[in-house]
Enquirer: 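Provided herewith is a single structure, encoded as structure tokens, for subsequent inquiry.
Proteins come first, then strands; the chains are lettered A, B, ... in the order of their sequence lines, and each starts at number 1.
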Protein chains: 2
Amino acid sequence: MSQYTPASGSIAHSIASKIEKMIADSELLPGQKIPSERQLCSRLNVSRSAVREALRELQARQLITTEQGKGSFVAEIIPQAKQSPFLQLYFDHSRTLYDLYEVRQQLEGQAAELAAQRATQKDLYRISKAFEDMEQSQGRSRAHYDKAFHQAIAEASHNPVLIHVLASLEELIMHSVQASVSNLYHLKDTREQMNKHHRQIYQGIIKGNPKSAQKAAIAHVSFVSNCLQKFEQQGSNVIRDAVLNK
Amino acid sequence: MSQYTPASGSIAHSIASKIEKMIADSELLPGQKIPSERQLCSRLNVSRSAVREALRELQARQLITTEQGKGSFVAEIIPQAKQSPFLQLYFDHSRTLYDLYEVRQQLEGQAAELAAQRATQKDLYRISKAFEDMEQSQGRSRAHYDKAFHQAIAEASHNPVLIHVLASLEELIMHSVQASVSNLYHLKDTREQMNKHHRQIYQGIIKGNPKSAQKAAIAHVSFVSNCLQKFEQQGSNVIRDAVLNK
DNA sequence: CTAAAAAACTGGTCAGACCAGTAGTGATAA
DNA sequence: TTATCACTACTGGTCTGACCAGTTTTTTAG
């Protein structure tokens, strides 16, 4: 076949998308064999290199597995949703979680500091509401309000870059950590400590005391980081025990 | 080259792993260009198809982006910051530059602080070299060494997250600002002020004084930000005059 | 009928060619 | 002088056809 087709994106990618769709539509079932590369070539009227790159893409995304001499097969397990690339990258280093929190600590501190300086009435209302919701909530929903609280503070900094970066870090952390922050709430003293931190941050912002808010935010993130670090080491059995004993 | 190497897994995958590791180790920074496919071919002594499949794998995992005619680039840790409609919205406003520097200020401070604590002999050597190169250089190349200096410090923090975020911010700043930092050097008093800052940062790190280094870095970034802000307002005619009068 | 050998698959790699965008260079025209 | 445009030398994208290295099937020799 001649070599034309300017194509949108790339042929290889469009092939990958086709196969992906077939898998998604259950036309190809897990464990099932995918037509051989040479078959796909002639059927789709493209070169083998294009097909190979397409398969390599699906391979990287763990949608298929490939064995030399045998063929390519639809992967058995698909469940894991897309997780952030950079995290997968760091997954080996357990230090990564610490690194993430180290940076986050600094930026949360800055966000709280700026929020104390710049928050409008509207911002203060939102922060107050988030704070109260958080105090009253329990269990799983607590994590949600926790997040909302921090986000409200970030937005009150009125620095879009800061907001954006913090949101990115949040996402990385979410994907990274197995023991969700919500688990920490199951330990009584931990919970009380975090409440205390939150109140300090809140007070600092409301009263327009930047340094106080910053300091509290840094202490808070630092504390959470340390707790998570401990759990990472001991495994999550501690949490389970605590939950069971409750 | 002949085609041997039964290889474990596959050549393509091992190439991908190599590049992945370089990204993880911050040897390749976000936004940075990856050697062209043909360069990688000859350097690694493999065929282009193998290289292409490796890049396709990294592409699928969103660790790199590829553009026809341009090349492949390490992806940003801050997802689609440039495309983010949220940030794009603010990009016109000159305030955005201020926002960028506000965050950068904080992170450069942290980087300097950590560098003063964690820098190895190798790090110190690199930082020293960058510092001396910068002091001796003039004109356009100065901006290059300036960047290298800050980058060396960031890497000495040994926090990959921090390194990547700073690199991403650098990218955003580059895109945002018309008046390059290098222009600032054309003003004598500005130049001297920056030299002074750089020396303070350098001394703080070399002597292992985190707080001093942090403070100097924050002051430095703050100063640069203010200067740029001024020029943005007045237009760049001031710079031109200064250059002409020299 | 069985077991070993051969043939016909499979994916993995290599080589060289050409197409299609991009960017820098230099010559030409205004 | 400056601005424009064609040209050239990059970049990635695709195609072709060959050979290597495993796996499976078929054939063949015992």
Enquirer: To the nearest angstrom, how far is A:R56 atom CZ from D:dG13 atom C1'?
Expert: 17 Å
Enquirer: Going by the rule salt bridge (charged side-chain N to carboxylate O under 4.0 Å, His left out), which residues pair with B:E132 if we only count those two or more places apart in sequence or in a different chain?
Expert: none
Enquirer: What is the distance, to the nearest angstrom, from the NE2 atom on B:H13 to the P atom on C:dG12?
Expert: 12 Å
Enquirer: Using a cut-off of under 3.5 Å, enumerate the N/O to N/O pairs linking the protein to nucleotides 10-12 of chain D.
Expert:
from	atom 1	to	atom 2	distance (Å)
D:dT11	OP1	B:S36	OG	3.2
D:dT11	O2	B:G69	N	3.3
D:dG12	OP1	B:E37	N	3.4
D:dG12	OP2	B:E37	N	3.0
D:dG12	N7	B:R38	NH1	3.0
D:dG12	O6	B:R38	NH2	3.3
D:dG12	N2	B:Q68	NE2	3.2

Enquirer: Using atom CZ of A:F73 as one end and atom C1' of D:dT24 as the other, report the distance to the nearest whole Å.
Expert: 11 Å
Enquirer: With sequence neighbours excluded, tell me which residues meet salt bridge (charged side-chain N to carboxylate O under 4.0 Å, His left out) with B:K70.
Expert: B:E67
Enquirer: Rounded to whole angstroms, how far apart are CD1 on B:I11 and P on D:dC19?
Expert: 19 Å
Enquirer: Quick one: A:L44 CG to D:dC15 C1', roughly how many Å, whole number?
Expert: 15 Å
Enquirer: The criterion is side chain to side chain donor-acceptor pair (under 3.5 Å); which residues satisfy it with A:S47, sequence neighbours excluded?
Expert: A:S49
Enquirer: With sequence neighbours left out, write down each residue that passes salt bridge (charged side-chain N to carboxylate O under 4.0 Å, His left out) with B:R48, or none if nothing qualifies.
Expert: B:E37
Enquirer: Got a sec, which residues hit side chain to side chain donor-acceptor pair (under 3.5 Å) with B:K129, two or more places apart in sequence or on another chain?
Expert: B:D133
Enquirer: How about B:V46 and B:I15: do any of their side-chain heavy atoms sit closer than 4.5 Å?
Expert: yes
